[in-house]
Amino acid sequence: MTKRLTEVAKKAGVSEATVSRVLNGRDGVSEATRTAVLTALDVLGYERPTKLRGERARLVGLVLPELQNPIFPALAEVVTGTLAQRGYTPALCARTIGGVSEMDYVEMLLDHQVSGVIFAGGSYALADARHDHYRRLTDRGLPVVLVNAGVDELGFPRVSTDDAVAVEQAYGHLRSLGHERIGMVLGPEGHVPSRRKLDAMVQAAGWGDAERECVERSSFSMEGARVAATKLVERGVTGIICASDVLALGTIRAARRLGRSVPADVSVVGFDDSAFMTCTDPPLTTVRQPIETMGQAAVDLLVTQIEGAGVLQDELLFEPELVVRGSTAPAPRR
């Protein structure tokens, strides 16, 4: 007990006596101090006293699929900073291979009486994944916001990049360079944002069944993309639109292993404009997601729900921006 008081006091920046007064429900403590102590208790993983468990902490979970892809740390920076400005303490939950699952994180966040959760890149974006843990949040009436497209039946507010506009920009750019044989490296079959990108490509390019051989699926890894892109290059594709920057880097690797030059033989367009894409060889042409604006909007939507104002269960679409660098060039002459 003494150790717990010491740790909580240090975390909250108050005395042990103040922590004791808060935990015992005594008067003489400001609301700000009381909130700081309870938040420190939550962050350190201690259970609240029974009489305090009914109150949610000013703690908000941010659940990410990974931190290796630079786009997710960039989003985390925006979301955690914006939450702090609004008076909330962010709890970052990043999944790892063989580590804690998204479902486990949800249970942990519920145990800590969080005020709400923001998800990015979770299983909500996979049509064939399990979604039971999201429904638990709905049953609890917990405010939730999803970043980027998810399955419709969950009914949570979403903050998304407009995938149709992204594909129109990428396709229009490659066509303007004279590319006629254009392909796509997308995420898994059930990945909703990838489905949207494919639908947009069908509309923009007028694809029929014959052109479906210009699409390959991959896990969101460079090695998976290398395997997928190798098939496209061997089929004579000269321009490739990828569903992420990581897939684009794997595509460049595939072209080079086949003895092709990027961009002289094969042009590659990524998606995200994550950190260091100006430093790749060649610098990557990509469609930039407006991460800062989206992250701030996600926090605004969540806080509005937490404060009881209510939120329309609609999807906010943000327009991306094509950033032209060195991985695209005029189509090779035959």
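Note that the coordinates shown come from a computational prediction; the quantities given were computed from them, not determined experimentally. Just the heavy atoms: all of them, side chains too, but no hydrogens, waters or symmetry mates, feed the values below.
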Partner of Val145 by side chain to side chain contact (heavy atoms under 4.5 Å, CB included), out of Val159, Val303, Val79: Val159

Between CG on residue Leu75 and CD1 on residue Ile291, distance to nearest 0.5 Å: 5.5 Å

Salt-bridge criterion met for Asp132 and Arg135 (N-O under 4.0 Å): yes

Short side-chain to backbone donor-acceptor contact, Thr33 and Val29, under 3.5 Å: no

Residue list, ring pair (Phe, Tyr, Trp, His ring centres under 6.0 Å) with Phe72, at least two apart or on another chain: none

Donor-acceptor under 3.5 Å (Tyr134 side chain, Ser123 main chain): yes

Candidate pair Asp272 and Ser244, rule side chain to side chain donor-acceptor pair (under 3.5 Å), full reasoning: CA-CA 6 Å; Asp272 282 337; Ser244 77; 5.0 Å; no

Separation between CZ of Phe271 and SG of Cys242, rounded to the nearest 0.5 Å: 12.0 Å

Within-4.5 Å side-chain heavy-atom neighbours: Val233 and Thr251: no

Pair His133 and Tyr105, ring centroids less than 6.0 Å apart: no

Spatial distance of atom CZ (Arg253) from atom CD (Glu223) [nearest 0.5 Å]: 7.0 Å

Common cluster, Leu174/Val266, ILVMFWY with side-chain heavy-atom separation under 4.5 Å: no

Atom pair CG/CZ of Asp163 and Arg195 - distance to nearest 0.5 Å: 13.0 Å

Criterion salt bridge (charged side-chain N to carboxylate O under 4.0 Å, His left out) on Asp152 and Arg158, from CA distance to verdict: CA-CA 10 Å; Asp152 291 330; Arg158 287 168 285 174; 3.2 Å; yes

Val151 with Val63, same ILVMFWY side-chain cluster at under 4.5 Å: yes

